[in-house]
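Just so it is clear: chains get the letters A, B, ... in the order the sequence lines come, proteins before strands, and each one is counted from 1.
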Amino acid sequence: MAKYLLKRIGRSLFTLVLIICIVFILMRQMPIEGYFQNFDKLTDAQIQAELKNQGLLDPMPLQILHFFRDMLHGDFGVSHSYRTNVPVTDILRDKLPVSIRLGCMSILVSLFLGIPLGTLMARYKGKFFDKFGTLFIVFIQAVPAAVYYLFIQMYGTTLLGIPLLFDPNSWKSWILPVLSMSLGNIAYYGMWLRRYMVDESNKDYVCLAKAKGVSGNAVMFRHIFRNAFVPMVQYLPSSFLNTVIGSIYVESLYSIPGMGGLLVTVIKDNDNNMVQAIVLLYATVGVIGLLLGDILMTILDPRISFGNKEGRR
Amino acid sequence: MKQEVILAVKDLNVKFSLRGQVLHAIRNVSLDIYKGESLAIVGESGSGKSVFTKTFMGLLDGNGFIDSGEILYYGKDLAKNRSEKDWKNIRGKEIAMVMQDPMTSLNPLKTIGAQIAEAIRMHQPEIKGKEAIKKQVCAYLEDVGIQDPERRYKQYPHEFSGGMRQRVVIAIALACKPKILICDEPTTALDVTIQAQILGLLKELKQKYDLTIVFITHDLGVVANIADRVAVMYAGDIIELGTCREIFFDPKHPYTWALLSSLPQLGEKGENLFTIKGTPPSLFKAIQGDAFAPRNPRALKIDFIEEPPYFKVTETHKAKTWLLDPRAPKVEPPEAIRNLKNLEVLK
């Protein structure tokens, strides 16, 4: 197992290095305005001098090497236009924890509500609860999120008696954003868990379990749920990632000082150092997410063996 | 010799509702199963063999239901069972099942030890404690011929071959301590050498655990090997019932003749094997007369008009065919099946 893990981690690192190089090279093809705050007012000579000063006129391999060297020292350069001359790491250090906290809470809520939703829908397939759940899922998936986000904000704030804007120190303030972000995932988990459970419940081993006298509920939880959850587990880490990045709308709605929308803003502003750092961050989280998903799978499913036969089912 | 009846089915009708239509899967079947016998139910696919036995355990699919009739198990009518609680004391405890495909009938994510232990915990509550249960599991594994049970106990189904998995399934059934064991085509998915081993094992276990075995199969070689009595099913009805010898050496119903003629062992070199022409009747519509008549080249006129009753041949042998009526013309069984005695598989 250790060998398999090392191999996987090594491969993930390689993927990251590759992503960094590609993004780095692409960024160098961008207009050079992004490295200056007052590009229009500068003379050509000044521009060349500044570029040379930032090391941008060096050959590409050397630039990449320098980038990696700085990166390992925790230095991603400074922001040029988003917040002039503030180190990128400082900007992210303020924003990242807020988004991660929001994302973690939303995932927890989604799991706590989505799993029972899917399980109960599968248990009472075709009955009232299943129909009710389907209605909910279809609604969430069909209606643009922006619409119910607004409704939640409008009525939720009145109901809870809290101001529209976010206040990180009041726990009540977290409820509505977390709920808004969770709804999509609740529907998603519910839908897939129900589907996987219904699939499992039609399998022969379930019939055999019933034939040996295991009661309906016990079959549901001891056999069906556990087996249906395995394919779900794979997607949990990446859906967590999506929640962290994907909260643009919720964060702007409540003015939460998180990561949401940051990438879009800095790309628009040609703030190259920021773009690099954020893409690297997302890539890392993504690669780790996939790795964790696979590790969880191997723990839960004995058929997936480690070593040379990896991934065979 | 009068044998004790363990399970008596009386006028059982099972129906399925399918897309607004009603499929009459089991048509008025009566059958007594004697304690300690092995009864084989044979018939082609779709004849209702599996559905018939599934009603004994309440395992019909959601759209299937018992329309009328009784299933008496020691005097208790199982056909009246509705809720899970009613079945709790029957499933596993009294009647257990071995299913067709061992590759899919075990939970792939649980060790086989855990799956057998689950049955022991439910049906043998007198065995307490992890160690005691494990010991009992190993004993069952040894019973079904799995070597090195201590190591095998911790393994998952995918680490077993098909034949070995079927042995595990049998061990699970045994761990329930049932009185009746229903084997639903237990050897169909296995290759021939393994088939023989599994059949041998079942015979052995039947003695050891004093089981009554109901065997569902369409393989007549299996029937000859294991069965005391044979029930031939066609279109949801038992059309002939007799001892193994009677069915093989003195069959009465044209369908049984056709079935026996289809034995591949009877084929002559260079000639096509015998097949029964046509398809079984649709069970969505009511069947008039003898269900097999449209496929029977020697059908009588009355076969199309009125359903034949059972005609008694001997104390143990009866068949539903007008050929047994004293007024019927004498129709000889086909040439091919008169010399079944000489066949290797039947010895």
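In the displayed structure, B/Lys135 atom NZ is contacted under 6.0 Å by at most 12 heavy atoms of other residues, nucleotides or ligands. Around CZ of A/Phe132, the count of heavy atoms belonging to other residues, nucleotides or ligands within 6.0 Å does not exceed 12. Around atom CZ of A/Phe139, no more than 12 heavy atoms belonging to other residues, nucleotides or ligands sit under 6.0 Å away. Few gaps surround CD on A/Gln141; more than 12 heavy atoms of other groups in view lie less than 6.0 Å from it. Surrounding CH2 of A/Trp174 are more than 12 heavy atoms belonging to other residues, nucleotides or ligands, all under 6.0 Å away.
Side-chain contact between A/Asn227 and B/Lys110 is absent, with no heavy-atom pair separated by less than 4.5 Å. In this structure, B/Lys88 and A/Ser215 have side chains that are not in contact, with every pair of non-hydrogen atoms separated by 4.5 Å or more.
Of all non-hydrogen atoms in A/Arg303 and B/Leu109, the two that sit nearest each other are NH2-CD2, 3.6 Å. Of all heavy-atom pairs spanning B/Pro108 and A/Pro302, the tightest one is O-CG, 3.8 Å. The two residues B/Cys176 and A/Lys212 come nearest to each other via the heavy atoms SG-CB, 3.6 Å.
In this structure, no portion of B/Ile182 lies under 4.5 Å from any heavy atom of chain A.
In this structure a side-chain-to-backbone donor-acceptor pair under 3.5 Å is missing from A/Lys210 to B/Arg91.
Heavy-atom proximity under 4.5 angstrom to chain A picks out B/Met57, B/Leu59 from residues 56-65 of chain B. Applying a 4.5 Å heavy-atom cutoff, the residues of residues 197-209 of chain A that approach chain B are A/Asp204, A/Tyr205, A/Cys207, A/Leu208.
For the residue pair B/Glu118 and A/His223, a side-chain donor N or O sits within less than 3.5 Å of a side-chain acceptor on the partner.
Heavy-atom pairs under 4.5 Å with chain A were tallied for B/Lys54, B/Gln115, B/Lys93; the largest tally goes to B/Gln115. Note on B/His123, B/Glu159, B/Met97: by heavy-atom pairs under 4.5 Å with chain A, the leading option is B/His123.
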